[in-house]
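The chains referred to below are lettered A, B, ... by the order of the sequence lines, with proteins before strands, and numbering in each begins at 1. Note: hydrogens, waters and symmetry copies are ignored here, and every other heavy atom, side chains too, is used. The structure presented is a predicted model; accordingly, all values stated were derived computationally and were not measured.
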2 protein chains.
Amino acid sequence: MVMTERDFTQPDIEDVALHAVLFALSDPTRLAITRALADGEEHSAGDLAGDIPKSTMSHHLKILREAGITTTRPEGMRCRVSLRRAELNRRFPGLLAAILKNAG
Amino acid sequence: MVMTERDFTQPDIEDVALHAVLFALSDPTRLAITRALADGEEHSAGDLAGDIPKSTMSHHLKILREAGITTTRPEGMRCRVSLRRAELNRRFPGLLAAILKNAG
DNA sequence: GGTTATGTTCTATGGTTCTAGAACACAGCA
DNA sequence: TGCTGTGTTCTAGAACCATAGAACATAACC
């Protein structure tokens, strides 16, 4: 029996494509999640979910993670999600800030 | 017989939603079109098309237009497409610039 | 082990999108 | 009246996506 580690693989920031980031943020639910993460803190999936079913939330978080926008870190029985803000700003200077500024 | 004017309706800039703009620019083809329009000039659809079939091009231009990103003006038998740069910058300050800067 | 809490993965369904051929509409010109 | 160039609309197919219930996996605690 192999102890399978939960897989929260995220792309190397250099491999992130602009159109993938824009697509990930083009969904209102994911944009709202990203706004909530913009405080710089780590949030658990449950905190971010609100009324959204777990499976739907998991789906959206996966897309954000695979687009290079977020990091997910397992901690105990929950997971901690946060923005890859500095990395993203290095890859696409000013992009996330411009989007977040206009997302309010 | 009614002379039907070609319909290049575009939304009022105030009605444009951020997620719609991000979605429109999340397609590599449409992002390339937008980059080509970033010179500030009017381009005909044919000039922008390259290898892309006419119907596909028309589809993408319609999405960009309906997202509030471009204006299409009929001129003779062709149409002139251009960016709504100033309006868009008023609605979402810094957004288009940040995207275009990172689209290269 | 049993139970509970937190998420993921599986699966299905309905809707949307991309692509592109074919037909059509319009402008200009011979 | 045709003919050509430019672009739209119609239509269809394949792929993709959002949603969410059900089952499963993991962690913590008794």
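The interatomic distance linking A/Leu64 (CG) with D/dA18 (C1') rounds to 14 Å, in whole Å. Rounded to an integer number of Å, the gap from NE2 of B/His59 to C1' of C/dT16 is 10 Å. Protein atom NZ of B/Lys62 is 11 Å distant from nucleotide atom C1' of D/dC10, rounded to whole Å. Atom P of nucleotide D/dA15 and atom CZ of A/Phe23 are separated by 17 Å, given to the nearest angstrom. Atom CE of B/Met57 and atom C1' of D/dT6 are 13 Å apart (whole Å). The distance from atom CD1 of A/Ile33 to atom C1' of C/dG7 is 14 Å, rounded to the nearest whole Å. As rounded to whole Å, 14 Å separates atom P of C/dA20 from atom CD1 of B/Ile63. Rounded to a whole Å, the CZ atom of A/Phe8 is 10 Å from the C1' atom of C/dT6.
Listed by chain and number, the residues in a side-chain contact (heavy atoms from CB on, under 4.5 Å) with B/Pro28 are A/His19 (sequence neighbours excluded). For the side-chain contact (heavy atoms from CB on, under 4.5 Å) test, residues two or more places apart in sequence or in another chain that qualify with B/Leu96 are B/Leu25, B/Thr34, B/Leu83, B/Arg85, B/Leu88, B/Leu100. Remark: A/Arg91 pairs with no residue by the salt bridge (Lys or Arg N to Asp or Glu O under 4.0 Å) rule, at least two apart or across chains.
Contacts of A/Arg80 with the nucleic acid, taken as non-hydrogen atoms under 4.0 Å apart, are absent.
Identified under the salt bridge (Lys or Arg N to Asp or Glu O under 4.0 Å) test for residues 44-70 of chain A, with sequence neighbours left out: none. For residues 9-26 of chain A, the salt bridge (Lys or Arg N to Asp or Glu O under 4.0 Å) pairs, not counting sequence neighbours, are A/Glu14-A/Arg90. Sorted by first and then second residue, the salt bridge (Lys or Arg N to Asp or Glu O under 4.0 Å) pairs with a member in residues 28-41 of chain B form an empty list; sequence neighbours excluded.
Closest approach to the B/Ser58 side chain among C/dT19, D/dA18, D/dT8 is made by D/dT8 (side chain taken as heavy atoms from C-beta onward). For A/Met77, whose side chain is taken as the heavy atoms from C-beta onward, the closest listed nucleotide among D/dT19, C/dT6, C/dT19 is C/dT6. Among the nucleotides D/dG7, D/dA27, D/dA18, the one closest to the side chain of B/Arg78 is D/dG7.
With values rounded to the nearest 0.5 angstrom, B/Ile33 atom CD1 is found 6.5 Å from B/His60 atom NE2. Rounded to the nearest 0.5 Å, atoms CD (B/Glu42) and OG1 (B/Thr72) are 9.5 Å apart.
Within a heavy-atom distance below 4.0 Å of DNA chain C, the residues of residues 44-56 of chain A found are A/Ser44, A/Ala45, A/Gly46, A/Lys54, A/Ser55.
Within the helix from C/dG1-D/dC30 to C/dA30-D/dT1, the inter-axis angle between the opening and closing five-pair segments is 10°, rounded to 10°.
OP1 or OP2 of D/dT19 sits under 4.0 Å from a side-chain N or O of A/His60.
Applying the 4.5 Å side-chain rule to ILVMFWY residues, one finds A/Phe23 in the same cluster as B/Phe23.
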